[in-house]
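Notes follow once the structure below has been shown.
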Amino acid sequence: MALRNVKAGRGETLRRGWLVVASATLLAALALAAEINPLFVAAGWTLILLSLLLSPSLPITEEDEPEDIPEPPLPRDPMIDLCVAYSALDMPVMVLGADANVLFQNDAAQDAFGEIAAGSHLSVRLRAPGILDMVRETIATGQPNQIEYSERHPSERVFLLRIAPIGVPPAAEGTDPAAAGFCYALSFRDISELRRIDRMRSDFVANASHELRTPLASLRGFIETLQGPAKGDPGAHERFLGIMLDQANRMSRLVDDLLSLSRLELKAHIAPSQRVDLVPLAGHVRDSLLPLAQDLGVEIRLHLPSAKVEVMGDRDELVQVIENLVENACKYGQEGKFVDVYLRNAPSQPVELSVVDNGPGIPAEHVPRLTERFYRVSVADSRSKKGTGLGLAIVKHILTRHRARLIITSELGKGTDFTVRF
Ligand code: ADP
């Protein structure tokens with residue numbers, strides 16, 4: 001805008017200059033031709049000059065406009081632009097010089113690796129030979145490179161490191177990158193979460209296969225025995241078929257639990273939208289587990305408020321939570337004889353459901369891991385009690401979807417308390 005006004009002003013002055021010269025020449029010619037008094041001519045001349053100087057600006061037409069005068073370019077440092085752009089990234093990035101010295105690190109890099117004084121060599125913070133070799137190679141060849149790098153301190157992290165020259169063609173044969181002032185971008189992609197999920201997935205597949213393989217191997221063994229050594233032995237048939245049925249049931253329990261888990265994972269992020277009264281659910285679970293409790297010699301006691309206790313939830317899933325907890329309490333706390341189910345709904349307090357047994361309790365080191373898939377305090381004990389090692393993992397998944405927490409407190413020799421806080 002300002003530039004255009006300046007240009008218009010210059011055009012106007014030029015034009016007025018020409019008008020003054022033209023009119024003065026005309027007046028002088030007329031005066032000579034008509035032999036007019038020179039004083040009279042001078043007065044006329046002054047009048048023309050004044051009228052031109054005091055007249056308002058004449059409009060400028062497109063053709064009048066003088067040529068654009070280019071603005072002198074501001075000196076810009078592309079490296080500053082680049083660092084500003086890197087600062088906006090949430091991924092750690094460092095800019096290295098051709099001596100592998102750190103010229104710049106963005107905020108994410110400072111958070112991840114601490115502040116590195118500008119100009120220090122990269123090895124001040126990252127000493128892994130793999131990284132330094134990779135950097136050296138890229139500086140020497142001008143070709144991008146990447147490696148995986150893991151750190152154990154302060155926490156276990158895995159990064160995919162990539163280095164690439166910034167805005168320069170690959171170094172020509174014999175070029176000295178330092179003399180040419182080449183720079184390199186070293187970026188760090190945090191893949192710790194991906195690696196953790198990969199490990200979990202492969203552990204899970206290994207565990208699930210192992211759990212299925214055991215009853216399968218047992219079934220195959222008994223079938224071979226029945227076909228071979230025990231072929232004509234009705235007593236052995238009777239016994240072995242009973243065991244085979246147990247193993248087949250174990251496999252189907254495992255498959256059911258695995259399917260439950262995968263169904264729950266699919267809807268993990270969809271919060272339930274029904275209102276469910278927990279009072280009748282607790283009664284329903286007690287009734288359905290009565291035969292098991294009687295077999296084990298355990299009494300399930302309910303301590304429920306008389307009024308409704310409603311939470312947002314999925315009825316069937318909440319039944320499964322209470323069932324898994326009460327069943328575990330009966331199985332693993334059998335020697336305590338009583339299993340108590342408390343439902344609390346105190347004003348301005350979260351709703352809580354607790355399943356408490358008086359069994360042997362759980363050693364403290366196992367408590368934080370109980371909700372992991374296939375985690376058991378004693379595998380033999382769990383198997384003998386028809387456990388799959390997935391019951392509490394299912395409980396945890398359901399509660400996550402219900403935005404509820406599972407709080408486990410246990411005292412050796414006294415018993416265990418599983419509390420669900422909604
Ligand atoms: P499982 O199918 O083996 O019962 P869970 O996931 O339900 O699998 O439970 C995991 C483990 O937690 C069990 O194997 C058992 O060792 C322990 N556990 C669960 N509930 C109790 C309890 N009430 N008392 C003692 N140990 C328990």
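Note that ligands are numbered from 1 as they come in the structure, with each ligand's atoms numbered from 1 the same way. Everything numeric here is computed off the predicted structure, so don't read it as measured data.
Comparing heavy-atom distances from atom 14 (O) of ligand 1 across Arg376, Lys386, Lys385 singles out Arg376 as nearest. In this structure, of Val395, Thr416, Asp357, the residue bringing a heavy atom nearest to atom 23 (N) of ligand 1 is Asp357.
Remark: minimum distance from atom 12 (O) of ligand 1 to any protein heavy atom is reached at Leu370 CD2, 3.4 Å. Atom 24 (N) of ligand 1 has its closest protein heavy atom at Tyr332 CB, 3.4 Å. Looking at atom 16 (O) of ligand 1, its nearest protein heavy atom turns out to be Val377 N, 3.1 Å. Protein heavy atom in closest approach to atom 19 (C) of ligand 1: Asn328 ND2, 3.6 Å. The closest protein non-hydrogen atom to atom 8 (O) of ligand 1 is Gly389 CA, 3.3 Å. Nearest non-hydrogen protein atom to atom 10 (C) of ligand 1 is Tyr375 O, 3.4 Å. Counting protein heavy atoms only, atom 6 (O) of ligand 1 is closest to Leu392 N, 2.8 Å. Among protein heavy atoms, atom 3 (O) of ligand 1 sits closest to Ser382 OG, 2.6 Å.
Taking distance alone, with nitrogen or oxygen atoms compared against 3.5 Å, Phe418 stays at or beyond that limit from ligand 1. Of the polar atoms of Gly391, at least one N or O is found under 3.5 Å from an N or O of ligand 1, judged by distance alone.
Between Arg157 and Glu148 there is no salt bridge, since none of the side-chain N atoms of the basic residue sits less than 4.0 Å from a carboxylate O of the acidic one.
Listed by atom number, the atoms of ligand 1 under 4.0 Å from Thr388 heavy atoms are 1 (P), 2 (O). Ligand 1 places these atoms under 4.0 Å from at least one heavy atom of Gly387: 1 (P), 2 (O), 3 (O). Near Ile362, with a cut-off below 4.0 Å to any heavy atom, the atoms of ligand 1 are 25 (C), 26 (N), 27 (C).
The side-chain tip of Arg373 points at the ring of Phe204 from less than 6.0 angstrom away and within 45° of straight on.
The aromatic rings of Phe159 and Phe188 lie perpendicular to each other, with more than 60° between the two planes, well past the 30° mark. Aromatic ring pairs are classed by plane angle as parallel below 30°, tilted from 30° to 60° and perpendicular above 60°; the pair Tyr86 and Phe104 is parallel.
Heavy-atom minimum distance, Leu278 versus Phe422: CD1-CE1, 3.8 Å.
More than 12 heavy atoms of other residues, nucleotides or ligands lie within 6.0 Å of CD in Glu365, so this atom counts as buried by the packing criterion.
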